[in-house]
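Mind having a look at this structure? Questions to follow.
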Amino acid sequence: MARTIEKAVTVEPEIIAREKVPGPYANYLTAQEKAEIDHEIPRYETKRAVGIDALKIVQKYRGWISDDTLKAVAEYLSLSVAELEGVATFYTLIFREPVGRQVIYYCDSVSCWIMGGEQVRAKLEEHLGIKPGETTADGEYTLIPIQCLGDCDKAPVMMVGEQMHRHLSCEKIREIFAGENA
Amino acid sequence: MPKIKIDGKEYEVEAGQNLLHTCLSLGLDLPYFCWHPEMGSVGACRQCAVTQYANEEDERGRLVMGCMTPVTDGGIYSIGDQSAQDFRSAVIEDLMTNHPHDCPVCEEGGECHLQDMTEMSGHTVRYYEGSKRTHVNQDLGPFINHEMNRCITCYRCVRYYREYAGGTDLAALGRNYQVYFGRQQDGALESEFAGNLVEVCPTGVFTDKTFSGHYARKWDLQTAPSVCNHCAVGCNTTPGERYGALRRVVNRYHGDINGYFLCDRGRFGYEYVNSELRLKRVLGAAEKDLLATTATKDTKVFPEISPQKGVQKLAELLSPDSARQVIGIGSPRATLENNFALRQFVGDENFYLGVSPRAASLMEGCKSLHASPDTRSPTIPDIEAADAVFILGEDVSNTAPRVALALRQSVRNAVLDKARKLKIPTWQDAAVRQLDDGERSPLFIAATEPTRLADVVSGLLVAAPQDLARFGFAVAHTIDPSAPAVTGLSQPQQRAAVQVAEWLMSARNPLLVTGSGCQSEDIIEASRNITRALAKHRAAPVNTCIVQPEANSLGLSLLQPETPTAHQQHLMQVAQLVEENQEAGLGTCLVILENDLFTRIDPHIAERLIRGAKTVVVLDVLLTGTTQRADLIFPASAVVESQGTFVSNEGRAQHFYPVYEGSDYIQESWRWLADAALYFCQHNTEFPPHIEAMANWEHTADVDAALQNAVPGLAGISEIPPDRNFRISGLKVARQTHRYSGRTAMYANLCVAEKKQPVDDDSPLSYSMEGAHSEAPPALASSSWAPGWNSNQSINKFQDEVGGHLRGGESGLRLTLEEAGSDSGWKTEIPNAFAADPEQLLIVPRYCVFGSDELSNEAPGVRELSARAKLLVSSLDADRLDIRNHDRVGLQIRDQDLELDAELCADLPAGMVCLPMGIPGLPHIDLDISAYAGLRLVQRAATAPVSRNPSPDIAPETGGQQ
């Protein structure tokens, strides 16, 4: 049973905080992952708040968050799996399914939509042969919509991996991927 | 009190409340979703919009959310203003774009808050023609259906489940249009209060799965006011029947007890009533040689006999016969009336309590603590209001779950106080939760395991019962140094005792929770000292919640006859008596009332007891181990088929009514006994006066009248139920709704003529749709309904204020128990400290909300979950014996060998294990006889393969969410 008494504990630890029985995921995370998560813990008021960072850290090494990984992180932070799943499924940048080597985030928010974002998305779908949320058969690209990349004055925009692409048009999409393929 | 004006009408209202609460309390209709009287306001759904005007000249006003707006003196509001109406209608229209058009096949239909609010808001035509978002549903276990497509995203479910009930496995997942309320993966919801989701959800996302199996619309159910019999809290329930079968149980609001919520044992344990093990006919055992069977020589067959024949045989026990003794064995799960009838039938001196010696002594101890001038019995709202709680030796989450839910609210008092100081209204739920930085009102648990309240404790002591008692004695001594001191306490325990004492002494509303859960008299004695010390310190009685195991434990202890010879009339005395009679050549006839002796005492002793008896008569609801060995069996009514009275932990005598008549020859046990008395009087010329009196019992009221004359502690109980001649405008109160359907045709498959409705001479209720409906006083009102309010939320219309007391007075009578004898002073017998023996582990009883209650175990869902019951083993012992979590282990107790799964607990001291009690499939272990066992590993649990390293490439694991 998780004991999350962070305050108002005035009784001796001998009584109230014996060591926990190790859970089934005690050896799941690597020492490196644990060290990086531990580094984040003191930076937040509660362990709950570390959830997003912990998921990002683990995802960095594993590419995505599998059910087992989710449970391991929840166990490590003494959070309920359901609560951490709430976090994982809320944020676009946490992947709960395997993704391609490069993730394409195209903006589907209002500025990009006004500037022709829908045509850009259609072109991307056509070029890659996948729908949003899917990964190409060769495991190269995953297409994910995102709400605003903070570059509205250069709309429509998308991000491929870490690389921003601005002032997009169908022509430009062709060019970008032509270059990649070359 | 502020004066406000709503739609031109002036009202004087309670200060400090929000406008929605105020409007509903005034009886005005204002739609809402996310708000709940127990959970306060978050202003999320925008459904309760009203127009607020700046002053009399302001004609335009502005929209405000009712639930977020404090009422202010001179405030001018309008519910009916067109702009507010349009706004509310538009909000519903938006919610409806994704809500399926499945009301005809939805089980919420007809009692759906969303239907009611949609009608109320005036959005009656759908214009949206687009597609609707859909979800995959989850299997949430045996009790609850999941249909996420119906969700309107009000967040009530997670607010209730996580914040109110402390559950962790339900969450809001996803975002935007794809918000999903569910578990991380399929599986039974873990909280024992999950069933309330069925009533908390304003639409049909969470519905009652047990009800689905035999569904009927709310208006087609016949209902009556009933009381839960699955623990001793006494929650009020509304069971519903159709076609002679019990279909479901829902909460029946009681402002002093359950409020809006039940536990899942109470809500879903009802199916035992429909079980195949139900006794419906009178059976007389015959010994026959059964050819070509595996039956042993003693195997009895039970041919049916006529009720007349059965009663005649029962009446034979009344004729004086010096060659035999007739013994009555009562039961803490039977009503006062049934137990009293048995006591009268066999005579005071021959009436026994039907429990083990330890249980009898604990019942006596609890009763006496109740009666002590130092204690006061708290209601559930009193428990919620406690600002320092000390739980001594009781796992309330499993023995009195509704109390645990109230305790979970009590720890929030520190935050609520802080909010009050900052002038934040306590109904501003989101704001108050924002304030919560982990500060809690102290809750200290001293128990044999951490319990499910461990996530909100301020301190926890897990120890053997004798050490818990010692700790309790130490707390008492700290409060009042004249109380006996405990020597040899460890330093941390000593410091904790000082801390607990300080908490209790400085609190405004301290609360002690104790009970018989550890089966330890020492704990009751220690509680005595604590209440005595604290009452002296406060110069006022101390709120003390005394938990007993069964629906009528306290009631039965009040019936214990005051005979000088038999102080404690327990089953071991019966066993001894049977043996003595055997030796003296006397026959013993046992009349066993609603009791399975094999679950009370050592099964071998129970076997000897029954074998040694000349005749065994059993009156019971289900076929039990005891019934199978009887010579004569009478079918007894289950609670939902009876009228009767239970006395709850609180000391409240509560009367309940039959929802329907039991099938075949089922009737209340007291009627069988009274029938026998009548037969005896008709066929004999001489009969004792108490049998003659019994022969004249016709109505429950007659038994209650006799009961209150015979038992001083029960004065006033015959006045609890409204008189059976009570009428409203000449009418009885109807058990069926005004739109109950199919009455003329529902049995047409059997007979085309309309079946006559049964006549109820015994109560002011009728088995009919004719009669008074919504006007009934709370004691007779089973189901609330008001025009436009078909869901359970209609209870608003029957409360003095929303979430307050029912108009017409809460039902039940709080008994005032008198202490027998004078004040006995301090309890001085402090037990020795527990000494662990690695070879012989101490067995401590462990109770399971699903599994430790005899009757609810016959409900399939409860039985399914009872298989989760595990043996709690200390990590220290486990390491020594090489036992890991979930391993199969063997427990050797004298000649008995049990096998079950182990659950490791690091908090548990070495040398003790907690054994789940009453679990189906496990023999009863009589801890009075031997409480020590050897432990060994039987089989290693299969461990789930868990990959330890991050995959170098894209992992092929099957992941993904729903």
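Everything numeric in this text was worked out from a predicted model, so none of it was measured. Chain naming here is simple, since letters A, B, ... match the order of the sequence lines and numbering starts at 1 in each.
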Heavy-atom contact with chain B under 4.5 Å, split by part of A/Leu84 | neither
To the nearest 0.5 Å, what is the distance between CG (B/Leu173) and CD (A/Glu83)?
-> 11.0 Å
Test side-chain contact (heavy atoms from CB on, under 4.5 Å) applied to A/Glu85 and B/Gln185, step by step | CA-CA 10 Å; A/Glu85 178 79 298; B/Gln185 58 186 42; over 6 Å; no
Under the side-chain hydrogen bond (donor to acceptor under 3.5 Å, both in side chains) rule, collect the residues that match up with B/Asn176, sequence neighbours excluded.
->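 By the side-chain hydrogen bond (donor to acceptor under 3.5 Å, both in side chains) rule, B/Asn176 matches no residue at all.
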A/Arg48, CZ atom: more than 12 neighbouring heavy atoms under 6.0 Å | no
Side chain, backbone, both or neither: which part of A/Thr135 has an atom under 4.5 Å from a heavy atom of chain B?
->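 Neither part, no heavy atoms under 4.5 Å.
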Contacting region of B/Leu170 [heavy-atom separation from chain A under 4.5 Å] |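 The backbone, not the side chain.
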Closest heavy-atom pair, B/Ala171 versus A/Ala82, reported as atoms and distance to 0.1 Å, is CB-O, 3.4 Å
If you tally heavy-atom pairs under 4.5 Å against chain A, which of B/Asp169, B/Thr168, B/Leu904 wins?
-> B/Thr168
Contacting region of B/Arg162 [heavy-atom separation from chain A under 4.5 Å] = side chain
Atom CD of B/Gln178 with >12 non-hydrogen neighbours under 6.0 angstrom =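 Counting neighbours around CD of B/Gln178, more than 12 heavy atoms of other residues, nucleotides or ligands fall under 6.0 Å, so yes.
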Counting distance only, does the side-chain N/O of B/Arg175 pair as donor-acceptor with the main-chain N or O of A/Thr89 below 3.5 Å?
->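 The answer is yes, because a donor-acceptor pair under 3.5 Å joins these two groups.
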Please look at A/Gln147 and chain B and tell me whether the side chain, the backbone, both or neither of the residue comes under 4.5 angstrom of a heavy atom of that chain.
->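 Contact with chain B: side chain only.
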With a cut-off of 6.0 Å (strictly less than), are more than 12 heavy atoms of other residues, nucleotides or ligands near NZ of A/Lys56?
-> no
Against chain B, label A/Tyr91 side chain, backbone, both or neither, depending on which of its atoms sit under 4.5 Å from a heavy atom there.
->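 Contact with chain B: backbone only.
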